[in-house]
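Since the structure is predicted, the reported quantities are computational estimates derived from the model, not experimental observations. Numbers restart at 1 for each chain; the letters A, B, ... are given by sequence-line order, proteins then strands.
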There are 2 protein chains.
Amino acid sequence: MRVLKYAILGLLDKGSLSGYDMTSRFKAELGQFWSAKHSQIYPELKKLTDEGFIEFKTVIQGSKLEKKMYSITLEGKRELHEWLTAFKPVPDTVKDEFMLKAYFISAMDLEEAKALFADQLSKRKEKAAFLKKKLEELKEEAGQSISFRSPHFGHYLLLTRALERENGYCSWLLAALEMLADDQPPA
Amino acid sequence: MRVLKYAILGLLDKGSLSGYDMTSRFKAELGQFWSAKHSQIYPELKKLTDEGFIEFKTVIQGSKLEKKMYSITLEGKRELHEWLTAFKPVPDTVKDEFMLKAYFISAMDLEEAKALFADQLSKRKEKAAFLKKKLEELKEEAGQSISFRSPHFGHYLLLTRALERENGYCSWLLAALEMLADDQPPA
DNA sequence: TAGTGCATGTAACACGTTACATGATTCA
DNA sequence: TGAATCATGTAACGTGTTACATGCACTA
């Protein structure tokens with residue numbers, strides 16, 4: 001369904017960007033929920049240009065370095081809007097390698113399972129703390145309350161969801177670790 | 001990192017299965033966190049057999065229909081165990097197309113955003129209800145309390161995590177919808 | 001006997017990552 | 001002047017989906 005196509009259109013709808021800029025965006029905030037490497041972005045930009053959804057102007061940076069600043073066309077805006085407002089089913093599978101290990105927990109012994117879950121909890125806690133800090137920075141930057149009209153609303157939604165996701169994972173890991181701690185070894 | 005390889009080894013560690021059986025498992029419980037189509041499974045089974053991690057016996061079903069019952073080798077068990085107990089970093093990106101739309105919310109008008117979020121909430125609620133029912137069925141089937149020693153523990157972990165995941169998504173959607181409802185249109 | 005499910009496989013294509021390849025700019 | 005960052009592209013490979021292809025078993 002070419003989601004990268006829409007990710008690019010959405011980014012360009014907020015303003016002109018180079019391919020390099022997009023790569024950076026995927027590494028930053030947006031990266032919690034979508035990402036792509038430059039090797040995938042550049043060919044997609046070419047394709048979208050050919051299809052007429054975006055266009056570019058070559059800009060000289062410094063004295064020689066060329067970069068292509070892309071912007072969205074009217075056709076592109078229409079295409080983006082159509083995707084945005086379309087209802088889609090919830091995906092059946094959201095892949096999670098750690099949960100696959102959890103499903104196979106019976107192939108580990110108790111101490112190994114405890115170590116695995118404890119490691120995961122510490123890493124998830126760290127990520128949650130990082131996201132919490134990001135959210136506090138955003139709230140400070142945005143000043144008063146963030147609402148639908150705020151230019152930061154999209155970013156706010158992203159961060160609150162990512163934080164909720166990590167916190168939920170931590171709660172579950174903690175509950176699982178408690179069950180492991182309660183284990184009664186067979187006599 | 002060939003995660004499908006380990007998913008297959010993990011499934012076979014619990015008992016012999018045909019390729020068809022594995023496809024069914026991915027459609028059922030395990031499918032919340034990992035899945036693969038038969039077109040990907042069959043070549044992987046061949047590869048794992050060549051590598052010596054699994055082996056098969058051809059069984060006749062009925063009078064003619066042949067099926068290959070795979071089982072894990074000692075080498076395969078060692079390989080599985082190594083993967084299971086290895087600590088890995090939390091992935092930077094867990095892709096979520098809906099969250100990409102949420103990030104681009106400013107390209108929609110208020111009514112469109114409300115409709116999109118309301119649709120997603122109703123679908124997520126439905127999925128949460130389905131998972132809750134599955135969890136209750138498991139608890140009933142397992143009888144007394146489920147612990148590390150229970151053969152259902154892996155399944156229990158999977159279901160509780162999947163349910164927590166959907167419930168968390170619902171809470172966030174509800175909070176977002178409240179913010180959209182509170183919108184003060186500019187005079 | 002027709003439809004659904006069981007059972008296995010390959011081919012073509014789409015999506016994604018790693019590696020290869022090059023060069024300019026900025027700042028310490 | 002060396003390192004990090006800006007900037008763009010292609011090639012090879014790995015993963016994942018859809019479509020093509022076939023045939024048996026069960027049951028309504």
- Got a second to check how far B/Lys37's NZ is from B/Gln40's CD, nearest 0.5 Å?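 These two atoms lie 10.0 Å from each other.
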- Task: Any chance you could measure A/Thr49, atom OG1, to A/Lys68, atom NZ, to the nearest 0.5 Å?
- Result: 8.0 Å
Gap between atoms [atom1] and [atom2], on [X] and [N] respectively (whole Å):
X	N	atom1	atom2	answer
B/Met22	C/dC6	CE	C1'	15 Å
B/Leu65	D/dA25	CG	C1'	7 Å
A/Asp92	D/dG16	CG	P	16 Å
A/Glu97	D/dG16	CD	P	11 Å
B/Ile60	D/dG23	CD1	P	17 Å
A/Lys57	D/dT8	NZ	C1'	20 Å
B/Glu66	C/dT8	CD	C1'	10 Å
B/Lys67	D/dG23	NZ	P	21 Å

- Give a yes or no on whether A/Phe87 atom CZ has more than 12 heavy-atom contacts from other residues, nucleotides or ligands under 6.0 Å away.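 Yes, enclosed.
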- Task: Please check if atom NZ in B/Lys95 has more than 12 non-hydrogen atoms from other residues, nucleotides or ligands closer than 6.0 Å.
- Result: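 Above 12, so yes.
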- Counting primed atoms, P, OP1 and OP2 as sugar-phosphate and everything else as base, the B/S/- map of nucleotides 9-17 of chain C against protein heavy atoms under 4.0 Å is BBB---SSB
- Query: Same cluster for A/Leu138 and B/Tyr103 if Ile/Leu/Val/Met/Phe/Trp/Tyr side chains link at under 4.5 Å?
  - Reply: yes
- Any B/Gln61 side-chain nitrogen or oxygen under 4.0 Å from OP1 or OP2 of D/dC24: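 For D/dC24, OP1/OP2 do not have a side-chain N/O of B/Gln61 under 4.0 Å.
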- If only side-chain N and O atoms of A/Tyr20 are considered, is one of them under 4.0 Å from the OP1 or OP2 phosphate oxygen of D/dC6? yes
Cut-off 3.5 Å, side chains only: do [X] and [Y] have a donor facing an acceptor?
X	Y	answer
B/Ser18	B/Asp21	yes
A/Thr160	B/Trp172	yes
B/Ser122	B/Asp119	no

- Using heavy atoms to find the nearest nucleotide of DNA chain D for A/Ser18 and B/Gly62 separately, return the residue whose nucleotide is more 5′.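 Looking at the nearest nucleotide for each, A/Ser18 comes out on the 5' side.
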- Message: Could you check whether any side-chain heavy atom of B/Tyr6 comes within less than 4.5 Å of a side-chain heavy atom of B/Leu84, counting everything from C-beta outward?
- Response: no
Output one line per pair: protein atom, nucleotide atom from nucleotides 1-3 of chain C, and distance, for all N/O pairs under 3.5 Å.
none

